[in-house]
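A quick write-up on the structure given underneath.
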2 protein chains.
Amino acid sequence: MSDQLSRAFQAMADPTRRDIVARLAVSGDATVGEIAAPYDVSLQAVSKHLKVLEDAGLVTRSRDAQRRPVHLEAGVLDLMTGWIERYRQQAEERYARLDALLAATEEETLGRGAS
Amino acid sequence: MSDQLSRAFQAMADPTRRDIVARLAVSGDATVGEIAAPYDVSLQAVSKHLKVLEDAGLVTRSRDAQRRPVHLEAGVLDLMTGWIERYRQQAEERYARLDALLAATEEETLGRGAS
DNA sequence: AGCGTTGTCAACCAATTGGTTGAGGAGGGC
DNA sequence: GCCCTCCTCAACCAATTGGTTGACAACGCT
């Protein structure tokens with residue numbers, strides 16, 4: 001689980017963390033306290049979730065006095081969709097080739113049947 | 001980790017499982033033995049990985065005598081990219097609004113400065 | 001019927017995860 | 001200077017994960 005893609009997918013595997021990402025996307029930067037407020041867990045637990053998101057590169061934190069505003073970084077999201085889309089496309093191309101092959105075989109069979 | 005999206009992201013968080021998905025996308029259906037061959041782990045470990053992928057809906061297995069051909073299902077991949085793209089777009093729209101707001105404020109400030 | 005091949009199930013193990021509580025550090029406000 | 005707010009670090013805990021080995025079920029072949 002050491003590479004970035006693994007950390008990113010791992011981070012997105014938790015509903016709370018996905019929810020945090022969604023809120024940051026919709027509402028923009030927020031402090032840890034604001035992020036933690038809606039959840040029924042300790043602030044420390046949310047802080048851990050943010051650390052997971054940060055280690056995955058999905059989020060950055062700057063310093064503003066004693067506040068630590070959390071900012072969503074879209075780059076890693078693109079990394080994930082890039083990976084997925086790449087292989088989904090490969091699968092589609094393979095299906096297209098398979099269909100073409102089947103169609104060709106079918107045609108050949110029909111041709112022989114007609115001769 | 002009970003909902004489908006969580007299971008799907010969790011499944012993709014492991015490099016071995018991602019590699020399996022990639023191979024299925026490129027080369028098409030394969031048996032458990034074929035899938036396990038390149039890896040330096042036991043067949044049982046790979047079987048467990050396939051179970052994770054199956055529980056996530058990323059893969060289906062049919063029965064052909066004692067073989068269990070594994071087939072990639074692209075639907076859940078779309079589910080993942082759909083989620084990600086949705087919120088990435090939300091973030092972009094928010095940035096666009098923010099930029100517009102900043103530009104308007106800047107213009108207003110310049111206008112006042114010139115008066 | 002017996003054997004080989006293919007794959008799963010079960011029990012176990014070490015490491016990781018997601019949560020808790022308690023302590024403490026970093027900065028502003030009085 | 002002292003406190004209050006915001007947040008992180010550390011230690012601990014139960015549950016899950018990714019791996020192992022051993023047993024065995026399903027099926028084709030001869």
Side-chain angles (χ1 to χ4, degrees), chain A residues 1-24 27-72, chain B residues 1-24 27-72:
Chain A
M1 223 266 290
S2 57
D3 63 303
Q4 172 142 35
L5 211 43
S6 297
R7 286 195 299 269
F9 279 119
Q10 179 70 42
M12 298 292 277
D14 184 282
T16 300
R17 285 192 300 254
R18 253 185 348 261
D19 198 53
I20 290 172
V21 168
R23 284 181 53 212
L24 289 173
S27 308
D29 299 4
T31 67
V32 177
E34 290 166 353
I35 291 169
Y39 306 109
D40 188 23
V41 296
S42 67
L43 190 70
Q44 290 93 323
V46 174
S47 188
K48 278 194 186 182
H49 279 310
L50 289 173
K51 184 157 177 31
V52 172
L53 290 170
E54 188 177 24
D55 290 347
L58 280 159
V59 134
T60 53
R61 288 136 123 182
S62 49
R63 177 154 273 290
D64 166 32
Q66 72 270 46
R67 290 187 183 75
R68 302 293 312 280
V70 179
H71 176 78
L72 181 64
Chain B
M1 223 268 289
S2 57
D3 62 304
Q4 172 141 37
L5 211 43
S6 297
R7 286 196 301 268
F9 279 119
Q10 179 69 42
M12 297 292 276
D14 185 281
T16 301
R17 286 192 297 254
R18 254 185 346 261
D19 198 51
I20 290 172
V21 168
R23 287 180 53 213
L24 289 173
S27 308
D29 300 2
T31 67
V32 176
E34 288 166 353
I35 292 169
Y39 306 108
D40 190 21
V41 296
S42 67
L43 190 70
Q44 289 93 322
V46 174
S47 188
K48 279 194 184 181
H49 280 309
L50 289 172
K51 185 157 176 32
V52 173
L53 290 170
E54 189 177 22
D55 289 347
L58 280 159
V59 134
T60 52
R61 289 135 123 183
S62 49
R63 178 153 273 289
D64 166 33
Q66 72 268 47
R67 289 185 183 76
R68 302 294 311 277
V70 177
H71 175 78
L72 181 64

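In the text below, chain A, chain B and the rest are named by the order of the sequence lines, each starting its count at 1. Side chains included, hydrogens not; waters and symmetry mates left out as well; all remaining heavy atoms used.
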Rounded interatomic separation in angstrom, taking [atom1] from [X] and [atom2] from [N]:
{"X": "A/R67", "N": "D/dC6", "atom1": "CZ", "atom2": "P", "value": "6 Å"}
{"X": "B/H49", "N": "C/dG7", "atom1": "NE2", "atom2": "C1'", "value": "16 Å"}
{"X": "B/Q44", "N": "D/dT17", "atom1": "CD", "atom2": "C1'", "value": "16 Å"}
{"X": "B/E54", "N": "C/dG7", "atom1": "CD", "atom2": "C1'", "value": "13 Å"}
{"X": "B/I35", "N": "C/dT8", "atom1": "CD1", "atom2": "C1'", "value": "15 Å"}
{"X": "B/D55", "N": "C/dC9", "atom1": "CG", "atom2": "P", "value": "11 Å"}
{"X": "B/L43", "N": "D/dC24", "atom1": "CG", "atom2": "P", "value": "18 Å"}
{"X": "A/M12", "N": "C/dG18", "atom1": "CE", "atom2": "P", "value": "14 Å"}

If you compare every side-chain N and O of B/S47 against the phosphate oxygens of C/dG7 (OP1, OP2), does one of them come in below 4.0 Å? no
Within less than 4.0 Å of OP1 or OP2 of C/dG19, is there a side-chain N or O belonging to A/S42? no
Within the 4.0 Å heavy-atom criterion, would you say B/T31 contacts the bases, only the backbone, or no part of the nucleic acid? sugar-phosphate
So that I can tick it off, tell me whether A/D55 and A/K51 are bridged by a salt bridge, with the cut-off set at under 4.0 angstrom between side-chain N and carboxylate O. yes
Any salt bridge between B/R18 and A/D3, counting N to O under 4.0 Å? yes
Nearest atoms (heavy-atom pairs only) where A/L72 meets A/V59: CA-CG2, 4.2 Å
Give the nucleotide from the list D/dT20, D/dG18, C/dG18 with an atom nearest to the side chain of A/D14. C/dG18
Could you check which of D/dG22, C/dG7, C/dA23 has an atom nearest any side-chain atom of B/R68? C/dG7
Examine distances only and state if a side-chain atom of A/R17 and a backbone atom of A/Q10 form a donor-acceptor pair shorter than 3.5 Å. yes
Contact nearer the 5' end of DNA chain C, comparing A/V41 with A/R63: A/V41
Between B/E34 and B/K48, which residue's closest nucleotide on DNA chain C lies nearer the 5′ terminus? B/E34
Taking side chain as C-beta onward, heavy atoms only, is A/L58 less than 4.5 Å from A/M12? yes
